[in-house]
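The shown structure was predicted, so the numbers you read here are calculated from the model rather than taken from an experiment.
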Amino acid sequence: MSSTPRGDNQMAYYPLAPGHQVNVRTGPSTDSGLVKVLPQGSSVPIRCQTRGETVSGPCGTTDVWDCIAPGQYVSDAYVKTGSTGYVAERCAG
């Protein structure tokens, strides 16, 4: 897995599925506003994870969404975490 070790002050980074640009949304749904588009080859930090809309992508079908920054979410179906479940704490609220 291509991620940095997690420590007290470090956040793990995970690569996006190869060959894909990924939409960053304001919430855990494809209906949420578009914040930006991540280019192919990007890696993202996962601050926390939450359940949302079910999405099918190159890394599977899931309702898990990754919060990469405050108010910025990407579907875990496009992030290579090496797991089908949670790899970070659940988002509060």
Side-chain angles (χ1 to χ4, degrees):
M1 176 167 53
S2 300
S3 64
T4 56
R6 287 183 72 127
D8 289 337
N9 295 320
Q10 290 186 324
M11 197 172 307
Y13 279 73
Y14 297 91
L16 299 181
H20 291 272
Q21 294 179 322
V22 176
N23 292 332
V24 179
R25 301 283 182 179
T26 57
S29 155
T30 58
D31 290 335
S32 296
L34 181 64
V35 175
K36 61 185 172 183
V37 178
L38 298 173
Q40 294 181 32
S42 295
S43 291
V44 294
I46 299 180
R47 299 167 56 93
C48 62
Q49 293 177 297
T50 190
R51 295 213 180 273
E53 178 184 349
T54 299
V55 173
S56 292
C59 298
T61 299
T62 184
D63 66 351
V64 174
W65 285 70
D66 306 327
C67 178
I68 63 169
Q72 297 184 23
Y73 295 85
V74 297
S75 171
D76 199 58
Y78 286 89
V79 181
K80 293 184 68 172
T81 61
S83 172
T84 57
Y86 288 92
V87 297
E89 65 185 36
R90 291 188 184 204
C91 299

Practice prompt. Name all pairs fulfilling the disulfide bond (SG atoms under 2.5 Å apart) condition that reach into residues 37-93, sequence neighbours left out, sorted by first residue then second.
Written response: C48-C91
Worksheet item: Is V22 linked to V87 within one hydrophobic cluster, defined over Ile, Leu, Val, Met, Phe, Trp and Tyr using a side-chain heavy-atom separation of less than 4.5 Å?
Response: yes
Worksheet item: For T54, which residues count as a side-chain hydrogen bond (donor to acceptor under 3.5 Å, both in side chains) partner, sequence neighbours excluded?
Response: none
Practice prompt. Provide the full list of ring-ring contact (aromatic ring centres under 6.0 Å, His included) pairs with a residue in residues 40-64, sequence neighbours left out, each pair given once.
Written response: none
Item to complete: Not counting sequence neighbours, which residues clear side-chain contact (heavy atoms from CB on, under 4.5 Å) with Q40? List them please.
Response: Q21
Response to the item:
By side-chain contact (heavy atoms from CB on, under 4.5 Å), R90 pairs with (sequence neighbours left out) R51, Y86
Worksheet item: Pairs in or reaching into residues 64-76: which pass side chain to side chain donor-acceptor pair (under 3.5 Å), with residues at least two apart or in two chains?
Response: Q49-D66
Fill in: Where at least one partner belongs to residues 27-64, residue pairs that pass ring-ring contact (aromatic ring centres under 6.0 Å, His included), sequence neighbours excluded
none
Discussion item. The criterion is side-chain hydrogen bond (donor to acceptor under 3.5 Å, both in side chains); which residues satisfy it with T61, sequence neighbours excluded?
Written reply: S56
Worksheet item: What residue pairs, at least two apart or across chains, pass ring-ring contact (aromatic ring centres under 6.0 Å, His included) with a residue in residues 39-61?
Response: none
Discussion item. Suppose the criterion is ring-ring contact (aromatic ring centres under 6.0 Å, His included): which pairs have a residue in residues 37-57, not counting sequence neighbours?
Written reply: none
Item to complete: Quick one: list whatever passes side-chain contact (heavy atoms from CB on, under 4.5 Å) with T26, sequence neighbours left out.
Response: S32, V35
